[in-house]
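In the text below, chain A, chain B and the rest are named by the order of the sequence lines, each starting its count at 1. As the structure is a computational prediction, the values presented were derived from the model and not from experiment.
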Number of protein chains: 2
Amino acid sequence: MKRSLVPLFVLLTAGLSLPQALAKTVELSSPDNTITVSINDDKQPNYQITFNGGTVITPSKLGMLFKETHGFGEGFKISSVARNQVNANWELPWGERKTVNDHHNELLVTFSTERDEASRYQVRFRAFNDGVGFRYEVSKQSGLEQVEIIDELTEFSLENAKEATAWWIPARGWNRYEYIYDTTDVESVGNAHTPFTFKLPSGTHVSIHEAALVDYAAMTLKQHRPGKLKADLTPWSDGTLVKTQTDFKTPWRTIQISKDAVGLLNSDLILNLNEPNKLGDVSWVEPGKYVGIWWGMHIAENTWGSGEKHGATTSETIRYMDFAAKHGFDGVLVEGWNIGWDGDWFNNGDLFNFTQGYDDFDIEKVTKHGANKGVRLIGHHETSGSVTNYRDQIPDAFALYEKHGVRQVKTGYVADGGDIKRIDDKGIVRKEWHDGQFMVNEYLHSVTEAAKHKISINTHEPIKATGLRRTYPNWIAREGARGQEYNAWGTPPNPPEHAAILPYTRMLSGPMDFTPGIFDMGFNGLGDKTNRPQTTLAKQLALYVVLYSPIQMAADLPRNYEANLPAFQFIKDVPTDWQESIALAGEIGDYVAFARKEREGNDWYLGALTDENARELTLELDFLDKGKRYEAQIYRDGKDAEWADNPYDMIIEQKKVSAKDSLTLPLATSGGVAIRFKAL
Amino acid sequence: MKRSLVPLFVLLTAGLSLPQALAKTVELSSPDNTITVSINDDKQPNYQITFNGGTVITPSKLGMLFKETHGFGEGFKISSVARNQVNANWELPWGERKTVNDHHNELLVTFSTERDEASRYQVRFRAFNDGVGFRYEVSKQSGLEQVEIIDELTEFSLENAKEATAWWIPARGWNRYEYIYDTTDVESVGNAHTPFTFKLPSGTHVSIHEAALVDYAAMTLKQHRPGKLKADLTPWSDGTLVKTQTDFKTPWRTIQISKDAVGLLNSDLILNLNEPNKLGDVSWVEPGKYVGIWWGMHIAENTWGSGEKHGATTSETIRYMDFAAKHGFDGVLVEGWNIGWDGDWFNNGDLFNFTQGYDDFDIEKVTKHGANKGVRLIGHHETSGSVTNYRDQIPDAFALYEKHGVRQVKTGYVADGGDIKRIDDKGIVRKEWHDGQFMVNEYLHSVTEAAKHKISINTHEPIKATGLRRTYPNWIAREGARGQEYNAWGTPPNPPEHAAILPYTRMLSGPMDFTPGIFDMGFNGLGDKTNRPQTTLAKQLALYVVLYSPIQMAADLPRNYEANLPAFQFIKDVPTDWQESIALAGEIGDYVAFARKEREGNDWYLGALTDENARELTLELDFLDKGKRYEAQIYRDGKDAEWADNPYDMIIEQKKVSAKDSLTLPLATSGGVAIRFKAL
């Protein structure tokens, strides 16, 4: 009988300062026994986690408080436990890999008290080989029907927080998730978003996040005393954290654990903690690559609004569709096509009309033109944070797009100052956070409504990803971090280390529509080091492999690709849907290397990139299929390349390789390498 | 007729994006016309402030939102204005000066809308020569009786926030106000406490704070978009910000403005915006100096709890009383005298008993002993944040102290992790912030209850000061920043610049019980640079003049004073109550110099200190009374003094001076100078 199946009760004698009742401890271990969660009910239910015998999480509280009744705080005791064990494979309709293994041990702990109301709750723990998830489950009971949560007590406590290093962005800021990452000791962290990733002095890497965020407020972390990070749920405008009713289950609180940085990248824990696909047949969800009328607005060659420089015209769209068809792209994104962009659109979201285009944009004409060439229009709905206005128009807006063969819509929730505007049931305007419960539900509503029209959603200014793409595979991508657009106008732009931090933080949550592929860094003149991508050209190509998304944009203007077709070939070749993905090497904020194999194909791809430091990577090619021969088509930094003054120096070369070989790859400052391993 | 008395309406034509109604602007200027506030009702009521023709505050929103009804947001218009002018003197029973001048122009603006409920509110503006105050006044009206405020919209907006420098501590942290000050550009500020002080590129210095914080949540500031600082009221545990009923008035939002750093130090604006003394005869409120059984616990020579090293014994108290009497001190603070300190007192505040002493402490004996020598016991109530337990015992606790002649009590609200514990009316334990509305009321309750027993309160872990000492003169001092204690065990201790920032930030709000006067820096060995005061000895003396408080402790152990009686003489001489105070020179974070004249006496005192940089100050003595001769008794850094390895090198010298002279004073690294000008 495996140890993890044994219901294990350890009785501790009470210390001097404890009440007389005996405290109980129950334990749960991962299938490989490297991770152990220990749950204790001394004073207040709490848990701790060890990994390879070392402490990862020190005793940390569990519980929550309600507005109108006693909550689940002190005095609850373990009254029963139940165990379960799972080892199963399941399939992703699209993703980093086709088959995902879910191997975990489960422990369901019931806490109860003798008080006569709100007397009982459960915490379901799952221990995987790559981390731990747990969630609260609250059943119907006396005194608990309509529930307003005013505090979630969940802690994540660390020893020696001063000696642990975190990579993090601030929470509850006006700019949503769009911040440059900060690298500090953990004790210097204030309020932080998740995924919150840190490295312990032992070298163990940990990332705290959540899975399956549905009908609940997003969890941010607050350091409420040194080394004690606490769940800090994003409140409603009236201060309440969550409004719900029993039965309810919270999202999973997740703690990914690995002996090294790369291990975090190969974890499927977040997906494993989500519910299976609820949409049935999703063959209409289409991974792919696209171009769009977009970058021209960011570098001020075009406007979203009407007038002389209006980007979204019929003729321009047709030009892009022809370009897409010529080079094998699936879609053309068109922003600024609909009424509402003129004037102060940041503040006038209520003026957006999602079914009426500008006069110079003929949706029927462009979609027919595209259909003849195998290119779809990609739709666009900018709400400017006026979600009531958007919600009212959603049925008609998606119906219009469906009628014209649109299969994917990019939504936007820019919202001046970060304030979402909703109108409540009394007709009063309320300003909500992007990551409060109201918007959590609103984002998912747009996705499920879109599914009725066989439309996939790519949310910008989104709620963070929590693995819901498993349950709703038409939630195909999202933004949720600083993307390429900051390199057009950001002050400052994304620094060289940005893309060497994203994989270990933001990308742990799921796909990002980063929009790689800027070929012309000199739109303000190359000498302007602070208003341009701070990368080499080869690094722009590497992003297609490093930053996973089932949809990838070729973000630059067509003329810049036409001017460098040899480099463009990689973007044309690289798939966006994978049979397998393997993180090969990396350190947070320094560098990263990924290999991925195309879905239902034979080719492998490799992408690697570095921060501001040049470096040389030697990578074993043992991921390649044994016994096969490949032509490695290598796009790498030239010997004089460096991001600031010589970003375009790139060498394209071919080598014959097999799984027995290794490659030594030089990366320039903020450089990269992209490789297609074409099966011979 | 003065310009400031003219009701001035400026009609603006509406811009393209405006509704058709015309926007109104009204203006208010300071008596000297250097400061102008401009109030406008375009879209949403807002104000802006100029100083000497330059912009200080750009258009910034006014208003608030309620939970159950429309709030005061957009669409309110100026419907009437009323003006008033005041130029009057009033007296402080104790303070930095005896007579305070209140000279201001007032404008009361009524905003209204045509909606049928919550249709009307007023904002009362006062323009002084040293800044602006405004508050909201909300009358009874249809639909507004019980009110829950869920957002206060007040903004303080800056131009070029990236080029303005702020000195600030983070708000909503676990450690209340006890942080090392951060110096950053304003745009890098997240959540900050007030007083929030910054310097504009023009050299104008500004400090945002509040006055008369009563029955309302404390205002912290949040940068909700770049350069826009917004009122961020500290919430109740249930998320509501303020629970009140109409009529209500908010605290004053204050903006102190000066052409230089020193100007902020000479402002009485906060006091002027508070209500006059409500306690009547307060001759029982006694400024003075004290010693105490305190530092011994901080450096671990003694314990608060019982046992071998118990500090608060009868014999030790008598020893301190004898020392106090010998050297002219008024009181002896005794901490750790009462039941509750044993075990984990940070977490067991409910065990504190405020009337029962430990067996080895005989309150009757020590107070009788003191009475014979003219020394009072100073009481101590540590609540550990268990305020319900404290409130229940307050009547008996103060009665006991009053019976034994105690006139001053130091209270404490340490609270593990910053959580105040209260028990609500359903018997549920709630955790509140120190600066939320609940605790704002609780602190004032302790002060008004104490007044009934002729007891003054020195609050530690307090709500910040907002000038309520004018209204309740028995609220004699408080902590509310990192004090000397951090030099015993802080990691790190207060850095050399700390006392050169405090005057311009924390001290603008009122007196602080910093507890200066550590003579033995080497309690861990002088070589331990990080666990000791990072100052010279002369700087310890300077603190008595620089950091104003009507009560000042001589914080070190008696044996350390006995070992250096020449230096101790300054502490024995320096008064704590002043006829006049003048900030002479300074720059924030660099240095500061104050002159103060003793209340009802002839002597002047001077204190100056510097940050980590040594410097030489030349100060004109023109503050001295004209025609009088003084003996300057100077305590200054010796020529080899520097804080790290040679803190004790101090020269004591005498010079004959008059108002026509100047003094050139050398300050060592983290050094200082203290001078008594003894009238001849």
Side-chain angles (χ1 to χ4, degrees), chain A residues 15-17 43 61 65-71 73-75 115 117-118 148-151 153 155 162 170-175 187 190-191 222-228 230 232-233 235-242 342-344 347-348 415-419 424 426-431 491, chain B residues 15-17 43 61 65-71 73-75 115 117-118 148-151 153 155 162 170-175 187 190-191 222-226 228 230 232-233 235-242 342-344 346-348 415-419 424 426-431 491:
Chain A
L16 275 180
S17 64
K43 195 169 179 189
K61 289 179 186 171
L65 301 180
F66 303 118
K67 183 163 186 178
E68 297 300 344
T69 175
H70 282 86
E74 295 184 5
R115 294 203 299 258
E117 53 175 28
E148 293 193 320
I149 299 175
I150 59 170
D151 199 8
L153 305 177
E155 287 178 341
K162 271 190 182 159
R172 224 59 60 75
W174 64 276
N175 208 13
E187 198 169 308
N191 288 32
K222 181 178 73 174
Q223 189 154 212
H224 72 139
R225 60 198 78 171
K228 285 192 174 286
K230 184 183 161 303
D232 188 28
L233 303 184
W236 285 75
S237 55
D238 65 7
T240 307
L241 304 184
V242 175
D342 296 316
D344 181 13
N347 287 297
N348 287 317
D416 187 32
D419 291 325
D424 74 5
K426 293 180 181 171
I428 301 173
V429 173
R430 302 294 185 196
K431 293 190 174 176
T491 47
Chain B
L16 276 181
S17 65
K43 195 170 179 188
K61 290 179 186 172
L65 301 182
F66 302 119
K67 181 163 186 178
E68 297 299 345
T69 176
H70 282 87
E74 295 184 5
R115 293 201 299 256
E117 52 176 27
E148 293 193 320
I149 299 175
I150 59 169
D151 200 9
L153 304 178
E155 285 177 340
K162 270 189 185 162
R172 222 60 59 74
W174 64 275
N175 208 12
E187 199 171 307
N191 288 32
K222 180 181 72 175
Q223 189 154 213
H224 71 138
R225 57 198 78 175
K228 286 191 173 288
K230 183 183 164 302
D232 188 28
L233 304 184
W236 285 76
S237 54
D238 66 7
T240 307
L241 303 184
V242 175
D342 294 315
D344 181 11
F346 258 61
N347 285 297
N348 288 316
D416 186 33
D419 291 324
D424 75 4
K426 294 181 181 169
I428 302 173
V429 173
R430 303 294 186 194
K431 292 189 174 176
T491 48

Find the one option among B:Lys431, B:Lys222, B:Lys67 whose heavy-atom pairs under 4.5 Å with chain A are most numerous. B:Lys67
Going by side-chain contact (heavy atoms from CB on, under 4.5 Å), name the residues that satisfy it together with A:Asp151, two or more places apart in sequence or in a different chain. A:Leu65, A:Leu153, A:Lys230
Determine the minimum heavy-atom distance between B:Thr69 and A:Ile428, stating which atoms define it. C-CD1, 3.2 Å
Please find the pair of heavy atoms, one from B:Arg225 and one from A:Trp174, that lie closest to each other, and give the distance. CA-CG, 3.4 Å
Check whether any side-chain heavy atom of B:Val429 lies under 4.5 Å from a side-chain heavy atom of A:Glu74, and answer yes or no. no
Who among B:Ser237, B:Gly427, B:Pro235, B:Pro226 has the most heavy-atom pairs with chain A under 4.5 Å? B:Pro226
Which region of B:Glu68, side chain (C-beta onward) or backbone (N, CA, C, O), has a non-hydrogen atom less than 4.5 Å from a non-hydrogen atom of chain A, or is it both or neither? both
List the atom of A:Ile150, the atom of B:Asp238, and the distance in Å for their closest heavy-atom pair. CG2-CA, 3.5 Å
Which bit of A:Lys228 comes within less than 4.5 Å of chain B, counting heavy atoms only: side chain, backbone, both or neither? neither
